[in-house]
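Here is the structure we will look at.
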Amino acid sequence: MMNISLTVPSMLEHAEKYFSKKEVISRTASGITRFTYADIAKRTRRLASALTKLGVKRGERVGTFAWNHHRHLEAYFGIPGMGGVLHTINIRLSGEHISYIINHADDRVLLIDAELVPLIEPLQEQLKSIKAYVIMTDDDKLPDTTLPNVYHYEDLLNEADENFEFVADIDENDPAGMCFTSATTGNPKGVVYSHRGIVLHSMALGLTDSAAVSESDVTMPVVPMFHANAWGLPFAALWFGANQVLPGPMVTPKLLAELIENEGVTLTAGVPTIWLALMKELESGSYDTSSLRAILCGGSAAPKAMIRTFETKFKIPFIHAYGMTETSPLVTLSRLKSYQTELPEEDRLEVRSTQGYVVPGVEMKVIGKDGEVKWDGHEMGELLLRGNWVADEYFMDERTNEAFRDGWLHTGDVVTVNEEGIIKIIDRTKDLIKSGGEWISSVDLENALMAHEDVFEASVVAVPHDEWQERPVACVVVKEEAKDRINKEDLMEFLQPQFVKWWLPDDIVFMDEIPKTSVGKFLKRSLRDQLKDHLKTTI
Ligand code: ADP
């Protein structure tokens, strides 16, 4: 067989040839603009040419600090296309972590959204490797800034070559991208994506039993382009010729609902907190969401009650997926097998709310106390993964030795597997609640609480306890309209029949909001800090 390098620029060349009329609908600070893939391809070639002129060399990192929009998409293809490495930086990290990752990645050029410049200005003294800041703006003029060596993205493109030839001799194992995990403890860990990994992962997103991204789709990644490459959707959508909506800065649930309706979005993707907020919006407003063929939801466990509401009330199919920054990220999707479609509705929902089984191309095993666990849906163990789009190290980081051993990525996620090979995430190792030597799943308790009609969000954490070592405490945000009618006792009563006694939370704390991580997950570390003396003071 022939052996042709799988490269990121070849994906763009394909779209340029076959899908030149298809569209990117991009929302930036100044509004929505439509581009064809022919426009995007020319602009991407210009960007690759401009970065070459700026002196970026093969293998050097170029950072992006941006929302989801067309310029970010151009960077996705233009940077690897000129031989550089696309380093997407999480704009919601602390200043300390942002400088750490820019320095650790040794970024040469930084592409920044104009409205995000104030986040970078205070860090400039520490950013020694950056030779040029390129500001992405719709304004003709550059914003006032204290940053040195500043360029205007559009000016650079105007002066560059729209026929620039992408680097021809890319080895498919060369780095094309890089992303840091958002670190719950210590410094963020860098993951490098190869051209080959990105191409194979994109192909997996196109499989019928996976996300089935196709030419007829209108995709809208709500997941940020700095969070595991927006789960690979921008790469796959462009390659397969789907129209794509990039929803830009300061996304609100209302804006999402409007974009879905106005642009006929067919496939969208994001973390559960986004969909909880959209659910609230759909309940209060009147929107036509009939174009949606699926919501892809991952990043943390999707509550069963939410899946039920989307599917039964709004008739929007839900695909629950699991992955990590280290795995590009797609690992499993929860799809019914053909013989499961006849199951009673509740059983089907039960299957759909698990994380599902691995997509072809990824292998897993689950290791418990005594080796590989039985596929019985009960025995728990740590999930280990390997595959062609799974990283095999952290970028120049000794934590590689803990996570990557014997050819497997040790995920730190505790799961059960049933006889179908379907995994259910019980918890992250660090979030499991260890009570009197037994484990309690915070995810199960959260799911149960979020199934209560008056609960908007719930997060359950381990709180130190003198006798039992740790006990669960639930943090609950109640729906606005239910504030006066619900109390702790009601919720306890609601939980009681569903769990054995020792699983029930020792307390329920009502909050106005649950703190979130930089990528919109419940920030359990902060809740644990807030509540660390809680059981000493209240009980
Ligand atoms: P971070 O570590 O910053 O949260 P990632 O997005 O890479 O960054 O997180 C990956 C982790 O998210 C997984 O290891 C797992 O714990 C959790 N996760 C991802 N998808 C799901 C899901 N569908 N259900 C439960 N947990 C999930």
Side-chain angles (χ1 to χ4, degrees), residues 88-94 97 101 178-191 193 201 211 221-232 269-275 295-304 306-307 318-335 351-359 362 364 366 380 382-385 389-391 394 399 402-403 409-416 422-432 441-447 450 459-460 515-526:
T88 53
I89 301 162
N90 182 338
I91 61 172
R92 299 206 187 96
L93 292 181
S94 64
H97 279 164
I101 65 177
M178 175 169 205
C179 184
F180 283 72
T181 64
S182 41
T184 40
T185 50
N187 278 322
K189 293 174 276 191
V191 173
Y193 303 112
H201 180 263
V222 183
V223 48
M225 290 171 81
F226 55 74
H227 184 199
N229 294 330
W231 303 348
V271 292
T273 48
I274 299 278
W275 308 125
I295 285 181
L296 192 61
C297 176
S300 40
K304 190 165 150 192
M306 176 173 79
I307 302 181
F318 217 82
I319 307 177
H320 188 197
Y322 161 86
M324 305 172 78
T325 303
E326 290 85 336
T327 62
S328 293
L330 183 61
V331 172
T332 65
L333 292 119
S334 186
R335 291 274 207 181
V351 177
R352 309 277 316 290
S353 61
T354 65
Q355 280 71 18
Y357 53 95
V358 287
V359 286
V362 179
M364 68 153 202
V366 179
M380 294 188 226
E382 187 185 10
L383 177 67
L384 271 54
L385 298 168
W389 51 88
V390 177
Y394 289 122
R399 287 169 293 181
E402 291 158 38
L409 163 64
H410 294 241
T411 63
D413 288 319
V414 178
V415 304
T416 58
I422 291 175
I423 61 163
K424 186 161 177 231
I425 306 258
I426 304 301
D427 238 323
R428 284 185 154 189
T429 318
K430 57 182 180 291
D431 293 334
L432 265 176
S441 158
S442 64
V443 175
D444 279 1
L445 288 168
E446 286 161 7
N447 250 323
M450 285 193 270
S459 183
V460 177
K516 312 267 182 343
T517 70
S518 59
V519 291
K521 307 184 189 187
F522 295 143
L523 187 54
K524 296 203 169 177
R525 183 181 30 141
S526 150

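First listed ligand is number 1; within each ligand, the first listed atom is number 1.
Geometrically, ligand 1 and K521 share a nitrogen or oxygen pair separated by less than 3.5 Å. For a threshold of 3.5 Å applied to N or O pairs, the pair formed by D413 and ligand 1 contains at least one separation below that value. Taking any N or O of A301, backbone or side chain, at least one lies under 3.5 Å from an N or O belonging to ligand 1. Not one N or O of G298 is nearer than 3.5 Å to an N or O of ligand 1, by distance alone.
Among K424, H227, K430, M324, the residue whose heavy atom lies closest to atom 6 (O) of ligand 1 is H227.
With values rounded to the nearest 0.5 angstrom, Y322 atom OH is found 4.5 Å from I425 atom CD1.
For K304, the side-chain hydrogen bond (donor to acceptor under 3.5 Å, both in side chains) partners two or more places apart in sequence, or in a different chain, are E350. Scanning for side-chain hydrogen bond (donor to acceptor under 3.5 Å, both in side chains) contacts around D427 gives S442, with sequence neighbours left out.
One finds no salt bridge joining R428 and E382 here, because no Lys/Arg side-chain nitrogen approaches an Asp/Glu carboxylate oxygen to under 4.0 Å. The pair K424-D444 counts as a salt bridge, with a side-chain nitrogen and a carboxylate oxygen less than 4.0 angstrom apart.
Side-chain atoms of W275 come within 3.5 Å of backbone atoms of G270 as a donor-acceptor pair (strictly under, hydrogens ignored). Side-chain atoms of H320 never come within 3.5 Å of backbone atoms of S334 as a donor-acceptor pair (strictly under, hydrogens ignored).
Of all atoms in ligand 1, numbered sequentially from 1 with element shown, those under 4.0 Å from a heavy atom of H320 are 22 (C), 23 (N), 24 (N). Within ligand 1, counting atoms from 1 as listed, the ones closer than 4.0 Å to a heavy atom of A321 are 20 (N), 22 (C), 23 (N).
With a 4.0 Å heavy-atom cut-off, ligand 1 is reached by no atom of P329.
In this structure, A228 falls outside the shell of residues with a heavy atom less than 4.0 angstrom from ligand 1.
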